[in-house]
Participant: 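Submitted below is the structure of interest, expressed as structure tokens.
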Amino acid sequence: MLRDHVQSYDPIFQQAALGMALISLSGTFIKVNSALYDLLGHPPHELVFPAQLDITYQHMLSDLTKYGESLQSDLLTSGTIEQEIQHSTGRCLKITIHLAIIQDDDQKPSHYWAQFEDHTLLSDLESKLHSNEFVLHDIQNSYHQLLEKMQLAVLITKKGVIQYVNPAALRLVHAKDKSELLGTTTDTVVDASYHTTLSERRKNFYTHQTLSGVSYLINCLDGQQKLVDGFTLIIRYEGEPGAVGVFKDITEQRQKEEYMMQSEKLTMAGQLAAGIAHEIRNPLTSINGFMKLMRSSKRSTEAYFDIIESELKRIELIVNELLVLSKPQGKHISKPLNILPILDQVITLMKVQAALKNIEIRNDSPDSSQWILGEINQLKQVFINLLKNGMDAMESSGTIWVTVVSTDYEVQISVQDEGIGMTSEQIQRLGEPFFTTKDSGTGLGIMITQNIIHNHGGSIQIESIPEQGTTFTVKLPRISKPEDA
């Protein structure tokens, strides 16, 4: 008779997404469905039988039979109990077990029917999404509900083809229904300008089995473009390798960053304007004097022409550097750069401001080129910021050293001043918006500097001693000399 009952449950067992089991009154497994094997960490290809599970989960079965007996004494036919069960990998599962008492034809208890509902993902999802050890099983109903309610966009793909999107992902790309995305490739969503990045990530995973965070420019279905930031986890989805991508829209955030960078550049340009005007006045005075000499002189004026041309080029260089600061910030497009000429141009520009405070800027750089990948105008802004900070920290006179050294892997550019220095507490707070050690300032300059260096794959180190000075060291990845350079 019990066998007939068991067979009658087969369709439910085959179709159920929840883990289910039939348990005898004495506390042994009679039948276990595949979803429960998956829940406990035993894939279908492993030869695991209910009798083997009896030994492993003896304590849990004992608790269930005791609970079943208490239900019978209270004349109840079902109830719910919370249990912590050990997964085959050793991790702890938080399970809600719905236990029902099945009666025979004589209305006597025959066996128990148990449904196992896993709540582990709900409590551990945040930490597990950031863990490389997280293994995602076939998405169960509870997990689907969680994904549907998440505010971050979630996509599941197999071989680049979208298999699942949550409502937040639909909102992100302005889609009305999942059918507009399911079955399409990520190449259609990610803008063509980022296809190389997409391809490199795939190659990196196939080679090293790792995936780092990434930013993409995506195309919405209504033609709008957005910048997104996210990470990817490799899982098994419906029995095959798949990828879960979690993304957030950073378009507005990036626009604010670019606005702050532009505002800081314009502020800097205004502060430099007085010094630059003074510097331009000197060569103009020289040109005017030589023009008068040329009019009154009967001798060859070839040398005068050379001097005038040199002074005009000097004016052009200073004005061009000022214009760089006032131009709107364009899209960051890195290309191979020799950092040394960039530093020379920045130092030439900043010497104007330094001279007004009787400060000398000295450059100690190697003779050979130092190649990096970067965006020239953003890097100029970094070193202008650092030199200006050094001058602001020095009351009057002194020297600022700009030193360049390199290793096989990176180029290090140090800017060392002889200013008032900072305490360790002040150094830790550098980069916070509106924190500054100056009498007047916004604190945005160093924050923007750190952001630019981070976007270039580098880092910035700060060393300071109160009343002795500060050294900012920018470290950027070094590359080999380009063939066309």
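Everything numeric here is computed off the predicted structure, so don't read it as measured data.
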Participant: Would you say the side chains of N358 and S397 form a donor-acceptor pair under 3.5 Å?
Facilitator: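 Side chains of N358 and S397: no pair found under 3.5 Å.
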Participant: Do the side chain of T157 and the main chain of G160 share a donor and acceptor less than 3.5 angstrom apart?
Facilitator: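 No, the answer is negative, given that no donor and acceptor are paired below the 3.5 Å cut-off.
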Participant: Can you tell me if N363 and S365 form a side-chain donor-acceptor pair at under 3.5 Å?
Facilitator: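 Judged by distance alone, the side chains do pair up.
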Participant: Atom CG in N338, atom CD1 in I372: separation rounded to 0.5 Å?
Facilitator: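 Going from the CG atom of N338 to the CD1 atom of I372 covers 9.0 Å.
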Participant: Quick test of your reading of the model: are K158 and E240 salt-bridged, counting only N-O distances below 4.0 Å?
Facilitator: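 Salt bridge present between K158 and E240.
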Participant: Are Q370 and V404 packed together at the side-chain level, in the sense that at least one heavy-atom pair is separated by less than 4.5 angstrom?
Facilitator: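 Yes, side chains in contact.
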Participant: Hey, can you tell me if Y216 and F247 have their rings parallel, tilted or perpendicular (30° and 60° cut-offs)?
Facilitator: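 Rings of Y216 and F247: tilted, 30 to 60°.
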Participant: Taking C-beta and beyond as the side chain, do L340 and I342 meet within less than 4.5 Å on heavy atoms?
Facilitator: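 Not in contact.
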Participant: Look up atom CD1 in I420 and atom OG in S464, then write down how far apart they are to the nearest 0.5 Å.
Facilitator: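 Between atom CD1 of I420 and atom OG of S464 there are 8.5 Å.
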Participant: Within the supplied structure, the quantity of interest is the number of heavy atoms (other residues, nucleotides, ligands) at a distance under 6.0 Å from H195 NE2; does it exceed 12?
Facilitator: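 Counting other residues, nucleotides and ligands, NE2 of H195 exceeds 12 neighbours.
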Participant: How many angstroms lie between atom CG of L182 and atom OH of Y164, to the nearest 0.5 angstrom?
Facilitator: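 So the CG of L182 and the OH of Y164 are separated by 10.0 Å.
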Participant: Does the H174 side chain pair with the main chain of L170, one donor and one acceptor, at a distance under 3.5 Å?
Facilitator: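 Not confirmed, H174 side chain does not pair with L170 backbone.
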Participant: Check each of T403, L386, T471 against V415 using the side-chain contact (heavy atoms from CB on, under 4.5 Å) test, and report the only one that passes.
Facilitator: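 Exactly one candidate clears the test, L386.
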Participant: For the side chain of T348 and the backbone of D344, is there at least one donor-acceptor N/O pair under 3.5 Å apart?
Facilitator: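 Confirmed, T348 side chain pairs with D344 backbone.
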Participant: Using the rule given for side-chain contact (heavy atoms from CB on, under 4.5 Å), can you reason through E418 versus I400, listing the C-alpha separation, both sets of side-chain angles and the distance that settles it, and then say yes or no?
Facilitator: CA-CA 7 Å; E418 298 176 344; I400 296 177; over 6 Å; no
Participant: May I ask you to test the H456-I452 pair for a side-chain heavy-atom distance under 4.5 Å?
Facilitator: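 With C-beta onward as the side chain, the pair touches.
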Participant: Just verifying a value: how many Å separate I162 CD1 and T188 OG1, rounded to the nearest 0.5 Å?
Facilitator: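 Result: 6.0 Å between the selected atoms.
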Participant: Between E360 and R362, is there a salt bridge with N-O shorter than 4.0 Å?
Facilitator: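 Judged by the 4.0 Å cut-off on N to carboxylate O distance, R362 and E360 do form a salt bridge.
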Participant: Could you list the residues that satisfy side-chain hydrogen bond (donor to acceptor under 3.5 Å, both in side chains) with E463, not counting sequence neighbours?
Facilitator: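 Q461.
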Participant: Does atom NZ of K357 have more than 12 heavy-atom neighbours, drawn from other residues, nucleotides or ligands, at distances under 6.0 Å?
Facilitator: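 Yes - once you tally the heavy atoms of other residues, nucleotides and ligands closer than 6.0 Å, there are more than 12.
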Participant: Between Q468 (side chain) and I465 (backbone), is there a donor-acceptor pair under 3.5 Å?
Facilitator: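 Side chain of Q468 to backbone of I465: no pair is present.
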Participant: Report the distance from atom CD1 of I85 to atom OG1 of T56, rounding to the nearest 0.5 Å.
Facilitator: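 So the CD1 of I85 and the OG1 of T56 are separated by 11.5 Å.
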Participant: Is N33 reaching over with its side chain to a backbone N or O of G19, donor-acceptor style, under 3.5 angstrom?
Facilitator: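 No, the answer is negative, given that no donor and acceptor are paired below the 3.5 Å cut-off.
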Participant: I need the single residue from Q225, Q224, K226 that forms a side chain to side chain donor-acceptor pair (under 3.5 Å) with N219. Which is it?
Facilitator: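 Considering Q225, Q224, K226, a side chain to side chain donor-acceptor pair (under 3.5 Å) with N219 is found only for Q225.
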Participant: Using only atom types and a distance under 3.5 Å, with no angle test, would you say the side chain of K335 pairs donor to acceptor with the backbone of L373?
Facilitator: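 No; zero donor-acceptor contacts below 3.5 Å.
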Participant: Does the pair Y194 and T196 meet the rule for a side-chain contact (heavy atoms from CB on, under 4.5 Å), with working shown?
Facilitator: CA-CA 5 Å; Y194 281 76; T196 301; over 6 Å; no
Participant: Decide yes or no for V402 and I413: does some side-chain heavy atom of the first lie under 4.5 Å from some side-chain heavy atom of the second?
Facilitator: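 Heavy-atom side-chain distance check passes, below 4.5 Å.
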Participant: Does any part of the side chain of I427, heavy atoms only, come nearer than 4.5 Å to the side chain of T470, both counted from C-beta?
Facilitator: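 Contact flag for T470/I427 side chains = no.
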Participant: Any chance you could lay out the side-chain contact (heavy atoms from CB on, under 4.5 Å) test for Y57 and L40, step after step, and finish with the verdict?
Facilitator: CA-CA 10 Å; Y57 299 99; L40 298 178; 3.6 Å; yes
Participant: Quick test of your reading of the model: are K178 and E148 salt-bridged, counting only N-O distances below 4.0 Å?
Facilitator: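 Answer for the salt bridge query: yes.
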Participant: Checking the side chain of R91 only, and the main-chain atoms of Q86 only, is there a donor and an acceptor separated by less than 3.5 Å?
Facilitator: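 Not at all, since once roles are kept as given, no pair shorter than 3.5 Å links the two residues.
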Participant: Can you tell me how far apart NZ (K351) and CD1 (I359) are? Round to the nearest 0.5 Å.
Facilitator: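 Spacing of NZ (K351) from CD1 (I359) equals 13.5 Å.
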Participant: What I'd like to find out is whether the side chain of Q151 reaches to under 4.5 Å of the side chain of K248, using heavy atoms alone.
Facilitator: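 With C-beta onward as the side chain, the pair stays apart.
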Participant: Just by distance, do the side chain of Q83 and the backbone of I95 share a donor-acceptor pair under 3.5 Å?
Facilitator: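 Flag not set: sc Q83 to bb I95 has no pair under 3.5 Å.
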Participant: Is the shortest side-chain heavy-atom distance between L387 and V346 below 4.5 Å?
Facilitator: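 Of all side-chain heavy-atom pairs linking V346 with L387, at least one is under 4.5 Å.
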Participant: How about F383 and L343: do any of their side-chain heavy atoms sit closer than 4.5 Å?
Facilitator: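 Yes, side chains in contact.
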Participant: Is it true that Q412 and T473 share a donor-acceptor pair across their side chains at a distance under 3.5 Å?
Facilitator: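 There is no such pair (donor and acceptor under 3.5 Å, judged by atom type) between the side chains of T473 and Q412.
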Participant: Mark yes or no for whether D191, through its side chain, and I218, through its backbone, hold a donor-acceptor pair below 3.5 Å.
Facilitator: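 Checked: no pair found.
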Participant: Over all heavy atoms of both residues, which pair between I460 and T449 is shortest? Give the atoms and the distance, please.
Facilitator: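 It is CD1-CG2, 4.1 Å.
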Participant: Report yes or no: does S369 contribute a side-chain atom to a donor-acceptor pair with the main-chain N or O of W371 at less than 3.5 Å?
Facilitator: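 Answer holds: no.
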